[in-house]
There are 2 protein chains.
Amino acid sequence: MRPADDRVRLKKEGGRYHHGNLKDALVLAAERSIAKSGSTDLPLRDVAKLAGVSHAAAYRHFVSKTALLAEVAVRGFASLKEKLLAAVEVAKAPDARLIELGVAYVTFALESSGSFRVMFDSALKPFTQFPGLAEAAAESLAVFQRVVKEAADAGALRSDDLNGSVTSAWALIHGHAVLLLDDHLALGVEDAATSARGTMRRLVDGLRAR
Amino acid sequence: MRPADDRVRLKKEGGRYHHGNLKDALVLAAERSIAKSGSTDLPLRDVAKLAGVSHAAAYRHFVSKTALLAEVAVRGFASLKEKLLAAVEVAKAPDARLIELGVAYVTFALESSGSFRVMFDSALKPFTQFPGLAEAAAESLAVFQRVVKEAADAGALRSDDLNGSVTSAWALIHGHAVLLLDDHLALGVEDAATSARGTMRRLVDGLRAR
DNA sequence: ATCTGATGTTGCCCATGGAAACATCGGTGG
DNA sequence: CCACCGATGTTTCCATGGGCAACATCAGAT
């Protein structure tokens, strides 16, 4: 019996020795597990078990458990960036684009809570110790910077302190997301987008050029 | 020789078997340790060692390591509440009081970063599982509610959605504190209060009655 | 002075992150 | 073709750390 046949047979029977795409499977399993437990402090052994593999197998793809979390974060930031970019497209008015950006940020935090929790977990500090993480994070933040700058250029927001405006917008919506995720706001998930929009609107009013 | 004398003598010689105030010492040690490491995931054994005691001694005062963290959080919320109340006093104008509240929040987060990290650590969720924790947290938030309400009553802020305004104020300054603590804002500690004031001012502008 | 409950200590167990040594697979060059 | 080899997984082992249990020490009450 030839090796290729073995592979097919083993795959069909589910008894294969090599996984085939373990790295992705581990990242996915970690995301899901964290989303369910609400904690980034998950046993690597459990993640491996979810992927149908022994715990030590993870070390063929990640130098450490933290490195696995870092990969979750990198992919999370990439996904967040895409969601933010997509959200910005749907609005025309420059200030409305900033508001939609905030709504998308909160929506991402709730829908991809596993990723979001890891992305801002202190275990990954400093980001520079994991290749690609700092860049991925910076690219997400860059969307905030671009949208604020465009709104200011269009005269919709004051432009005397762009960095300050960016920081305020990020801090506001990040705080909203974090408090929502940790159940500190007495809000159902269904009200999350609405409250996020209201919060962003209030800030945008404050940022408006006078 | 009376017992009280024994205690004094033993304290001076440092060779005492019983600690005398271990509970407080453990809480203090945990705060400091977390502030230094930047992580709430600290070995209980290290905390006990800092308090000069074996690790199992902690279980005479806390049912679990998490319960110790909960006590840190309860005291942290109590301390935060005091700081917020004190800060509110220094300003006269209702909207300025809200701004000072935010500055004090960030200042607390930086100066008591160990406590602050624990207070918002997901390991303590839900707060109701630890006696006193939910109440302590609610009392801190109540300061936000009171200050916003007073500003609205004085006509300094719009009063059509008080809960929304409170949420925005808390989310904004909480996000600012969190991002600062985790080095996501390119700001030195010395600029923290200034940037917090600027951020709060922007939001208050948006909350202002029109 | 002794007894007792509160407080600490030592020793143990078990879960978990990580290293090491071995097993298996799949592609590649003789 | 097939024997080898690098990649990927498994098993086994160790160290760390939370938590329990049994024992030690102390302080106040009787």
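Convention: sequence-line order gives letters A, B, ...; per-chain numbering from 1.
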Would you mind reading off the distance between [X] atom [atom1] and [N] atom [atom2], rounded to a whole angstrom?
X	N	atom1	atom2	value
Phe62(B)	dC20(D)	CZ	P	15 Å
Asp41(A)	dG18(D)	CG	P	11 Å
Leu68(A)	dG17(C)	CG	P	11 Å
Leu44(B)	dC14(C)	CG	C1'	16 Å
Arg45(B)	dG11(C)	CZ	P	13 Å
Tyr59(A)	dT12(D)	OH	C1'	15 Å
Leu26(B)	dG8(C)	CG	C1'	12 Å
Lys23(A)	dG9(D)	NZ	C1'	17 Å

Among [options], which nucleotide has an atom closest to any side-chain atom of [X]?
X	options	answer
Ala56(B)	dT10(C), dT11(D), dG18(C)	dT10(C)
Ser54(B)	dT11(D), dG17(C), dT10(C)	dT10(C)
His61(B)	dG8(C), dG17(C), dG18(D)	dG8(C)
Ala57(B)	dG8(C), dG17(D), dG9(D)	dG8(C)

Problem set entry | Verdict with supporting geometry, Asp95(A) and Arg201(A), salt bridge (charged side-chain N to carboxylate O under 4.0 Å, His left out) | CA-CA 9 Å; Asp95(A) 50 354; Arg201(A) 196 143 27 210; over 6 Å; no
Exercise. Ser33(A) side chain to Val47(A) main-chain N or O, any donor-acceptor pair under 3.5 Å?
Worked result: no
Exercise. Once the angle between the rings of Tyr105(B) and Phe116(B) is folded into 0 to 90°, is it parallel (under 30°), tilted (30 to 60°) or perpendicular (over 60°)?
Worked result: perpendicular
Exercise. Closer than 4.0 Å, any side-chain N/O of His55(A) to the OP1 or OP2 of dA15(C)?
Worked result: no
Problem set entry | Interatomic distance, Leu179(B) atom CG to Thr167(A) atom OG1 [nearest 0.5 angstrom] | 8.5 Å
Exercise. With a non-hydrogen cut-off below 4.0 angstrom, is Leu42(B) in contact with a base, only sugar-phosphate, or nothing?
Worked result: sugar-phosphate
Exercise. Does Leu141(A) reach the side chain of Val166(A), with side-chain heavy atoms less than 4.5 Å apart?
Worked result: yes
Exercise. Considering heavy-atom distances to DNA chain C, does Arg60(A) or Asp46(A) have its closest nucleotide positioned more toward the 5' end?
Worked result: Asp46(A)
